[in-house]
Every structure is written in C-alpha cells, then in structure tokens.
There are 2 protein chains.
Amino acid sequence: MKNILLLWAVLCLSISCQQTNKSQSKSSQKQTTADSVQQKPNAPFGIVIHGGAGYITKESLSDSLEKAYHEKLSEAISKGNEILKNGGSAVEAVQRTINIMEDSPLFNAGKGAVLTHEEQPELDASIMDGKTLNAGGVSGVSTIKNPINLAYEVMENSAHVLLSGKGAEVFAKTRNLTLVDPSYFITPKQLQNVRRIKKEQENKQSNFYTPDLNGSKFGTVGCVALDKNGNLAAGTSTGGMTNKKWGRIGDSPIIGAGTYANNATCAVSGTGWGEFYIRGVVAYDISALMEYKGLSLEEAVKKVIYEKQPQLGGEGGIIAIDHLGNIAMEFNTPGMFRASYLNDELNIKMYKKE
Amino acid sequence: MKNILLLWAVLCLSISCQQTNKSQSKSSQKQTTADSVQQKPNAPFGIVIHGGAGYITKESLSDSLEKAYHEKLSEAISKGNEILKNGGSAVEAVQRTINIMEDSPLFNAGKGAVLTHEEQPELDASIMDGKTLNAGGVSGVSTIKNPINLAYEVMENSAHVLLSGKGAEVFAKTRNLTLVDPSYFITPKQLQNVRRIKKEQENKQSNFYTPDLNGSKFGTVGCVALDKNGNLAAGTSTGGMTNKKWGRIGDSPIIGAGTYANNATCAVSGTGWGEFYIRGVVAYDISALMEYKGLSLEEAVKKVIYEKQPQLGGEGGIIAIDHLGNIAMEFNTPGMFRASYLNDELNIKMYKKE
C-alpha cells in the first residue's frame, strides 16, 4: 500500500510538471499585441520592413507626409512580397525592398540619408543569408547608390564580411553597381538638419561632442523575409546619426548587432541607438534567446526591446520573422515606420497605438 | 497516514531533483583538459592572454624564437597579474598587458603587425568592460602607437563604440595618446611577407582576390582578466590579415565577434579567421551559451571552437575567463601562443600538446 501511494504521488508530480511545461510553451506562442503576429500553419512566406524608429507621432506628421510614408512603405513591401510570391529568394526580396526605401528621400538610407559633421553622406548597410549564414556589410561609403547592393556583393563576391570607406568603394568598382557623386544623397532637409544641430552643439559650448539625440535619430531602413523554400534573410541600410564624426560606425553594418539571419531561428533588423545595439549584440541576442532559452520570437524580441535595451540605456525598434513565419515589430520609442505582408494581407503602421 | 506518505514522497523527489542539479553543475565545471582550468574557491583574480593562433608547431619555431615568445608572453602577463594583485582593475590589466604585446614585433598587433595589399599598417582593436557593458573599438588606424589605448578612449571619452580610419585618428588627437608615423609599425619581416603573398596571388592569375590563408594568418593579441572586485574585461588588438584590401574589417574591433565581457558570464577574446568569427558572433555566443543554456565556460568555449566554427568553416582560438575565475584556452589550429596567471601560478604554452 505504501508503495502504491508512493508511486501515485510520484506519478502525479510528474504529470503536473509536464503540464506546467506545456502551458508555459503554449503561453509563449500566443499573440499578445497587434504588432506580433502568429503565422497560420503552412503559410509559405512573409516579409516585414521598418523605416526607422523615433519620435514619430500623429501630431508630428502632416497628413500629406503620412500619406507619402504610407505609399512608400506599401510600394517597398509589395515589391518584396511579389518576389516571394513568385518563388524568389528571401535575400532578393530583402535587397529589392530596401532599394526602394534607399531611393526615397523619406528615409535615412541612400538618398536623403542624414549627414555627418562635415555635411557629407557616410552610408552603412549589411545583409545576411539565413540559409548559409553568409553575410556582407559596408560602412562609410558615399558613392554607391544602393549600399545594400554593395553589402550583397561583399557577401557573394568577396572573401570578406565587412569592408569600409574608400577601400569598399574600390571593391565596388569591380562589381556591376550604380555609382553616384556624393552630392546625389544630399537633400536640402538633411543639410538644414545637420546645420541646425551643429549650431545647437556650438551654443552648448561643450567640448564633449554628442551626436544628434533629437528628432529622427534612429532613422534606418530594414527588411526581413521568409521565402517559400523556408530560407530567412535580413538586411539593414542607413546614413547613421546626424552630425556623426570620426568615422563612427553604428550597428547597421555589423552582423549580430543590427542584422542577423539564421534559418534555425529567425531574421532580425534593428533601428535603434547603434551604440547600445552593438553593446547588447541585439540581433544575435534575439536568435540566441530562441535557440538556447526556448523563447518564442515575440518573447525574445520583447525581452530585448522592453527589458534589456532600456536597462542598458538604449532605445529603438526591431523587426523580425522566424522560420515558421511568425513576426514581431516592437519598439520602445513613440513610433516606428513599419509594415508586414503575410498571407496576402498588407499591414502598415507608424504610431504606438494603432 | 496517506498524507504523510504523500508528503514524504514529494519531499524525496524534490531532494533528488536538487541533487541531480548539483551534480550536473559540478560535473560541468570539472577540469577535462590542461588548457581549461577550474579555479580554486575564493580565488580573487586571474588573467589569460593569447598571441595568435595558427600553424605554430615545435618544428616551425627555432629555439631562440621560442625563447623570445616565451619571454614576451611572460613579461606581458606578469604586468597584468601585478596590476590585478595590487587591486587594479581588469580593464587596466587588459590594456597594459596588450600594450606590451603591441610594442613587440613578435606579434601581429602594433609594431610588427601584418601589412595590407598597399604595404601599409591598418590596425584594429577593441576593449569591453564587463561591469558596465561599456565598450570601445577602432578599425583601420595607422598612426596610434597602441590601438588598444585608442579603443579605451573611445569607450571612456566618446559617445560611440566604434570609430574608423582617418576619423578615428582625428578623435585620437583630442586624447593624450602616443602618435607615430605609419612607418613605425612596418618591419622587414612583414614587408617581405606581404610581397611574397602578393607575388603568389599574381602567379595564380586569378581575378578573385583572396587574403593570406597561409602562415601566421590568425595573428592577433588578446587578454581577458578578472579583478579582485569581481569585474571582468576583455581586449583584442591586431593588424588583421596580410595582404588585406578594400578597408577590410575583421572580428577584432567588433564587440560580440572578437571581444566580449559581461560580469554575469565571462570575458572572451578571439584569434581566428575574422570573417567566420563575425558570422558566428563568436565572443557573445560563448556568453549566451553560458547565460541562456547553462553551459560552463569550458563547455561553451569548446562548443564554439570544436563544433560551431568548424561547421561554418572557421579556424582559430579563444581565451576566456568567467566570473568565478575558471579559464579556457582552446583552439582548432596546430598551435596558439597563450598564457595564464592564476593563484600566483604562471603557465605559458604554444603548441597543441603540451
């Protein structure tokens, strides 16, 4: 009798443990916000983009500007969705989608990128293929019309992962890329921005240089995609921070910081205060939280954006898609330009509560 | 009676579970190789260095050269050990230890660093403070005598984490650093090396450029330390790859790839094929395996060096120390210049089996 009772007690405890684990696992997959969507079973592909996070509020955008952002986000993601729908690769979808945002002066990437202290463009970009874990990045280039395309060339046609400055531009000349004069990137708006910020800095009479910490400081564009073959890819492109100096490199060209993709886990692109994203190894951290700790995509992204980054002092946003097609678009700033295309459903948002 | 029996059974199971956990924890810390040492309880500090991994064999080193390496490794690590013993910080110990290796033409860092395709030095370095998770890095500098000191200045006295090229040198002039002419770094040996490799490349008549994949390709210096206050730090300094082109940036200046430190887990410095270390986010991966998966330092380092990097195609070595003072020095190449100083015991090694 004692033995039976003992066996029964052990059995009960064992079942109770298993149920706890199951319920934890279930709760980890449930949808808790409109910006994190659980994919339907067997959904074959999906794409998510961001156009920067920051002080983006309904009040700060005119109706016509809001419409312009809406249209450009729609155009960009529709291009990527079309590629995926036709069986194209995640890498190609990421690249072509980002090209459209790079070519638009609305975003801090390519044309219209923010300018350095010397009032020049210094562009960064990176791309990663989740199938091969191959990756390419460039930093500080100013003559390549689409920096993400140079990052792709570094990935596919060099022995390297990260090339910088004039050297990267020498490599660019060996590839079939559209080259432009640096003046192509400079818009009156960004010239005005950097001059205003420089003036503010001078008035502070501080010897300690600080980059632009106001306005659209986290402008960056990024894209993550899952193609019909189950391959993930991520890409990010940016002009960095307004009034940056000293050949500053942010998180965008750095694999693991601003960009990461791995078919086993997820694809991630960040748009935040680059220094904190580098120190937090943000993009890879989301993958590691999934792979090593068993978190869902949504849990991993939320942990990084709402717990780990604020603890460190960082701000910004993340877009991500996992190998099942679940997505996350989370940010701890007032807004983030973002869009997703899943199951033929386009979803475009800008503000916190939408 | 039934209730008592039930209570007793549950209690037994609970104790048994706890014991299993304890024994797993113990076994995970046991010493399994001479290069991974379990620290004695209450040991207050420790330091580990590397001087590069690669084709380092007893046969390839003359007795006099072996003696020279032995003496310089001893001098460098003894300096760091002295700082720690006197209550100095892990960050200071890392910096001063690396300075000695940077000043020696024996290693691929500072004076004697490998040269680019243009026969010039382009030096990279980074440092991270495990207490604050603050970090600094520089890439492509050629006028700073000790690049690790510039990385320290970026960490402590700029709003940035990573500065590059000429811009980084402009920042350097605002700090109290020893500046030198680029010719200071160039040694006859490295000039000969890069010219030989360039000739080999030409003879291949290949349009596809490859960096130096022979000889001392993974030359880099690095240091990790735990100070008496329980703070960890890591630093890495290098000239990169012989015959590198296009402003190539390797893993050494990149936080998370070549260098990482976090008081909660460990401090890591890598010396490997930079491109694969970036793609594998190697230094942070070791920390993540400890933090998220519960691996010991030794298990995490071995998983990355003997499983994950070879799967990706990468080669090289890692030195690491955790917050308990356990250390690891592992490599998948024939040799790695390395030393540890723990509990007043100095240990210097170069080859695989020693």
Side-chain angles (χ1 to χ4, degrees), chain A residues 2 5-10 12-14 116 122 128 133-135 137 139-140 154 157-171 174 207-211 244-251 254-257 260 274-276 278-281 284-285 287-289 291-293 312, chain B residues 2 5-10 12-14 116 128 133-135 137 139-140 154 157-171 174 207-211 213 244-251 254-257 260 274-276 278-281 284-285 287-289 291-293 312:
Chain A
K2 278 180 191 176
L5 267 175
L6 183 63
L7 194 69
W8 176 81
V10 171
C12 281
L13 191 71
S14 165
T116 67
E122 272 184 15
M128 186 161 187
L133 301 184
N134 203 355
S139 79
V154 171
N157 295 300
S158 90
H160 300 307
V161 170
L162 183 52
L163 300 182
S164 64
K166 296 294 167 207
E169 295 182 340
V170 172
F171 169 72
T174 71
N207 288 325
F208 188 82
Y209 156 79
T210 52
K244 68 181 179 183
K245 259 184 173 180
W246 304 323
R248 176 256 189 188
I249 299 177
D251 62 312
I254 297 182
I255 297 305
Y260 188 76
E275 277 69 14
F276 292 95
I278 294 175
R279 289 165 58 194
V281 202
Y284 182 66
D285 199 25
S287 173
L289 282 164
E291 185 176 358
Y292 301 148
K293 219 177 175 180
L312 208 56
Chain B
K2 277 182 189 173
L5 267 174
L6 183 61
L7 195 67
W8 175 82
V10 170
C12 282
L13 190 71
S14 166
T116 66
M128 187 162 186
L133 301 184
N134 204 355
S139 79
V154 171
N157 295 300
S158 89
H160 300 307
V161 171
L162 183 52
L163 300 182
S164 64
K166 296 293 167 208
E169 296 183 339
V170 172
F171 168 71
T174 71
N207 288 325
F208 188 81
Y209 157 79
T210 52
L213 303 180
K244 69 182 177 182
K245 259 185 175 179
W246 303 322
R248 177 256 189 188
I249 299 178
D251 63 311
I254 296 182
I255 297 306
Y260 188 75
E275 278 69 15
F276 292 94
I278 295 175
R279 289 166 56 195
V281 201
Y284 181 68
D285 199 25
S287 174
L289 282 164
E291 185 176 358
Y292 301 148
K293 217 178 176 179
L312 207 56

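What's counted below: heavy atoms across the whole structure, side chains too, no hydrogens, waters or symmetry copies. Since the model is a prediction, treat every value here as computed from it, not as a measurement. All chains are named by letter (A, B, ...) in the order of the sequence lines, taking the proteins before the strands, and each is independently numbered beginning at 1.
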Looking at B/K293, B/R279, B/E169, B/K166, which makes the most heavy-atom pairs under 4.5 Å with chain A?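 Most heavy-atom pairs within the cutoff with chain A belong to B/R279.
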Output the option from B/S164, B/G256, B/G165 having the highest count of non-hydrogen pairs under 4.5 Å with chain A.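 Maximum pair count with chain A is reached by B/S164.
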Taking atom [atom1] of [X] and atom [atom2] of [Y], what is their separation to the nearest 0.5 Å?
X: B/I255; Y: A/D251; atom1: CD1; atom2: CG; answer: 13.5 Å
X: B/N134; Y: A/E275; atom1: CG; atom2: CD; answer: 10.0 Å
X: A/I249; Y: B/I249; atom1: CD1; atom2: CD1; answer: 4.0 Å

B/I278 portion near chain A, given a 4.5 angstrom heavy-atom threshold: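 Contact with chain A: backbone and side chain both.
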B/L312, part contacting chain A, at a heavy-atom distance under 4.5 Å: side chain
Given heavy-atom pairs under 4.5 angstrom as the criterion, report whether the side chain, backbone, both or neither of A/D285 touches chain B. both
Among A/S139, A/A257, A/G280, A/G167, single out the residue with the greatest number of heavy-atom pairs under 4.5 Å to chain B.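 Most heavy-atom pairs under 4.5 Å with chain B: A/G167.
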Among A/I254, A/L163, A/V170, A/T174, which residue has the highest count of heavy-atom pairs closer than 4.5 Å to chain B?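 Option with the greatest count: A/L163.
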Please work out whether the ring planes of B/F171 and A/W246 are parallel, tilted or perpendicular, with thresholds of 30° and 60°.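 B/F171 vs A/W246 ring planes: tilted.
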Answer yes or no: is there a side-chain heavy-atom contact under 4.5 Å between A/V281 and B/Y260? yes
What residues form a side-chain contact (heavy atoms from CB on, under 4.5 Å) with A/T116, not counting sequence neighbours? A/E118, A/Q120, A/E122, A/K244
Show the nearest heavy-atom pair for residues B/A288 and A/A288, with the distance to one decimal. CB-CB, 3.9 Å
For A/S287, all residues meeting side chain to side chain donor-acceptor pair (under 3.5 Å), sequence neighbours excluded: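 Checked A/S287 against side chain to side chain donor-acceptor pair (under 3.5 Å); matches are A/T265.
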